[in-house]
Amino acid sequence: MAARGFLQIAPGRRLALNGVEWTVEDVHGQLGRLVLVDDDGRAETRSFRWLINHADLRLLRTAEARRPSSAARQPRTLADLTKDQLERARLRAAHVLEVETGFREGHPARALPGEPRPAYDPDRTTLTQRRYAKAAEIEAMPRPEAIRCGLQHLSYRTLVRLSGLAGDSLLMACADGRWTRRRSGHRSITKEVREAIFAVKAECGERARVSLAARHRLMHQYMSERFPTFPTEKIPSRWTFAAVWEEWFGPGGARPRYGRTAEAAAEAGVSGRMVVHRPGQVLVLDSTPMPVKLRETVFGDAITATLTLALDLYTHGLPAFRLTLQSDTSVDIAMLLRDVMLPLPMRDGWGEDMEWPYAGVPADVIAEFTGHKVAALPFFAPETVTTDHGGPYKNHDLVEAEREIGCRILPARVLRQTDKYAVERQFHTIQTMLFEHLLGFTGGDVADRGADPERDASLTLTQAEHVIATWIVQIWQNRKLGEYAPSWAPGEDHSPNTLFVAAMEQGGFDLDFPEPGFYYKVLRKHHVKIHPRRGVKILGLWYHHPVLDEPRFLQPSSRGGNHAGQWVVRSDRRDRRQTFFQDPTDHETWHILRWRGLPPEGEVPAFSDKIANDLLSHVKANRIRIHSESELLEHLLEILGSVTPVDQWPSQAKKRAGKKQRVTQAREITRAQAAAADRVTAPASAAEPAPAELPAAWAEHARTIDRVVDADRRRRREEALADTRPVAPATLHEALNRRPMFRLPPPDSSEAETTGREEDA
């Protein structure tokens, strides 16, 4: 603390200088200086001599006795001014600079035409003369014009007070304080009213959505019951209540169900967002019905496919996708994750511009690893997978597949679509950029549907998959993403491919291909025992392979723990005709166990879990006694389809078969084709087989069933005649010797009775 004459100066002392209030923040007694801070947070360092000799110095009440002002709001900035207010502040600042320097821009290098004016020439006038000249000029200005420009208060003393300021400080000092005055709040909001508003907020959080008028009436009810003596006329009106509600709690546009979930998540401490800074750090998965009607290749009916996307949250690229004729299963999702880690082969019709560019690893090196040319689509090992809470994504088989890959699982919060905002936006982007231009587009809503999108459908599943893959590699991966520029390069133009290249230059490239046996490791596991000559029983069906008859498998497994003594067999729910058994000797050989009901010749059309369950339910409901697995084949064929002759298809039999049955058959065939494609360890060839004609596809399906039925009948006939001795055909001579030609056969009982009656007659 320091004292100079009559004035005692200490931190916290309130002063008024030229109408501006200041607070003494710090005192340097040895230097003879002190730091002053005004209500807007602007600090100035002054000497004791200047303060004591100031002509307009007034002492105010201490900071403890006065209502705190500097801490009540943040300092003002130029952004708080409107465009008109900022122009008026610049005009006042120009007059001040002309007084200080003789030039309205503040420097001779930026002199305007005719500057400096004679009355403000710094070489011929003093600063005091220029101040008096400016005050006289403002006083001579017409009053309305001075008020419009905000110069009516620019007096000599104001010019003295604004001396020494420059830049933004001068502009803020020239701005009228009434433009950015402190908000007085709502005087009608007393502590009782505040309690009532928060009580209504807590009550409405558990109720259904109610209107603003209903909430206002609830506040009236709370006030009348809890504060009966409170004057009714002092309760805020509905408009004041609405303004206060929006200020305190926001506009409240969220649905009540989502709002409660968000509050619960915030209380649990999971409301933060993850910062992604490299490719593969977060991979977002989601599925939606494709808004384009497709043609299935068996009957040619219009069907709806399911599109599953994998989006990299850092580059916003699409490393993989899947199209299925049914809701995706856990196996489909696991295969999608495998596709993310594998390079995409070049296809027919793709030019050199769609081939892999140099992105950390030359194209020749990748082609040497894969054995084929690679398309310009990034591939990487995902670190974190974010999904919703759909059934396939929560399946324990998929969770185990994700652990096999080595990635973490970060499920989105329930009913919080913002956790997957990027992939949700991506579906809309594909719709507007691609799907809207395809025949059979159904629109985003039932009301937007065309007259007959099923009639317009022309693409098959294979053709649609090729179109989407071409669009991703050629257009999306090279499209400018201005709003997703990285933090280290704001304002730069980037595409998913360029972001991936930049990330690879910073962190390098990791060639982490999945193992060839990855397909088998992500399938559903069954712990069973091997029965001699019968094989293993998986979900009600028996499977067998000659290798199971070896002596080493006739003993219990050496596995311990919860499944001690049992063997592990894996099955693909999309194709139940076979299961897979890993050889315990080398752990690399996988034996295919065929269903014992399959005939040795030919192939039975594929059937999935649903068909197998229907088959077992049909046998149980009809109390059919099954002595062998081969007897189930006849009932399976009845469920799979009709055995109508091929000539009657597709004209007559298609009419008798319902659409649901036809779609089911096409779905089973497509599932089997997808399962067979996923079992290929090496990358598929670039040449895609052309889709067959629709009648020929069904004809082949019908011929397959006919062949199976004939083979089954032949097998049953051979088994029935296996224990009988064949009889050689007799010659005519032997037949005559065995019975004379003229000897009559002995009459039977009925003939004897008839003959006796005739003789009596």
Quiz item: Parallel under 30°, tilted from 30 to 60°, perpendicular over 60°: which one fits the rings of F241 and W245?
Solution: tilted
Practice problem: Identify which one of E192, R194, R187 satisfies the side chain to side chain donor-acceptor pair (under 3.5 Å) criterion when paired with T190. | Solution: E192
Self-check item: Test side chain to side chain contact (heavy atoms under 4.5 Å, CB included) applied to D286 and L309, step by step
Solution: CA-CA 6 Å; D286 199 7; L309 285 182; over 6 Å; no
Report yes or no: does [X] contribute a side-chain atom to a donor-acceptor pair with the main-chain N or O of [Y] at less than 3.5 Å?
X: H216; Y: P236; answer: yes
X: S224; Y: H220; answer: yes
X: T384; Y: Q281; answer: yes
X: R46; Y: L34; answer: no

Are [X] and [Y] packed together at the side-chain level, in the sense that at least one heavy-atom pair is separated by less than 4.5 angstrom?
X: V210; Y: R215; value: yes
X: T101; Y: P122; value: no
X: L218; Y: C204; value: yes
X: D312; Y: V276; value: no
X: W50; Y: H54; value: yes
X: M354; Y: T470; value: yes
X: N478; Y: Q474; value: no
X: L127; Y: E100; value: yes

Quiz item: Is the distance between the ring centroids of F379 and W356 under 6.0 Å?
Solution: yes
Quiz item: Given the rule in the ring-ring contact (aromatic ring centres under 6.0 Å, His included) test, do F198 and F249 qualify, once you have shown the distances and angles that lead to the verdict?
Solution: CA-CA 10 Å; F198 276 95; F249 312 119; 5.5 Å; yes
Heavy-atom pair of closest approach, residues [X] and [Y]:
X: A146; Y: Q152; answer: O-OE1, 3.2 Å
X: T432; Y: H437; answer: O-NE2, 3.8 Å
X: G317; Y: W476; answer: CA-NE1, 4.2 Å
X: A503; Y: Y314; answer: CB-CE2, 4.1 Å
X: F441; Y: P291; answer: CD1-O, 3.2 Å
X: D121; Y: P116; answer: OD1-CG, 3.8 Å

I'd like to know whether [atom1] of [X] has more than 12 heavy-atom contacts from other residues, nucleotides or ligands below 6.0 angstrom.
X: R124; atom1: CZ; answer: no
X: H277; atom1: NE2; answer: yes
X: E195; atom1: CD; answer: yes
X: R157; atom1: CZ; answer: no

Pairwise distance [atom1]([X]) to [atom2]([Y]) - rounded to 0.5 angstrom:
X: L313; Y: L283; atom1: CG; atom2: CG; answer: 9.0 Å
X: L434; Y: E436; atom1: CG; atom2: CD; answer: 9.5 Å
X: M223; Y: I235; atom1: CE; atom2: CD1; answer: 5.0 Å
X: R217; Y: S211; atom1: CZ; atom2: OG; answer: 6.0 Å
X: H186; Y: E247; atom1: NE2; atom2: CD; answer: 3.5 Å
X: L91; Y: C174; atom1: CG; atom2: SG; answer: 9.5 Å

Self-check item: Audit row: H494, T315, side chain to side chain contact (heavy atoms under 4.5 Å, CB included) steps and yes/no
Solution: CA-CA 9 Å; H494 281 282; T315 62; over 6 Å; no
Practice problem: Dump the intermediate steps for side chain to side chain contact (heavy atoms under 4.5 Å, CB included) on R117 and R104, then the final yes or no. | Solution: CA-CA 10 Å; R117 293 191 292 174; R104 292 200 172 191; 4.1 Å; yes
Self-check item: Presence of salt bridge, E137 and K134, under 4.0 angstrom
Solution: yes
Quiz item: Under the side chain to side chain donor-acceptor pair (under 3.5 Å) criterion, do R479 and S495 qualify, and how do the steps go?
Solution: CA-CA 5 Å; R479 187 174 182 269; S495 67; over 6 Å; no
Practice problem: Might you work through the side chain to side chain contact (heavy atoms under 4.5 Å, CB included) test for M219 and I197, ending with a clear yes or no? | Solution: CA-CA 6 Å; M219 187 190 68; I197 293 177; 3.8 Å; yes
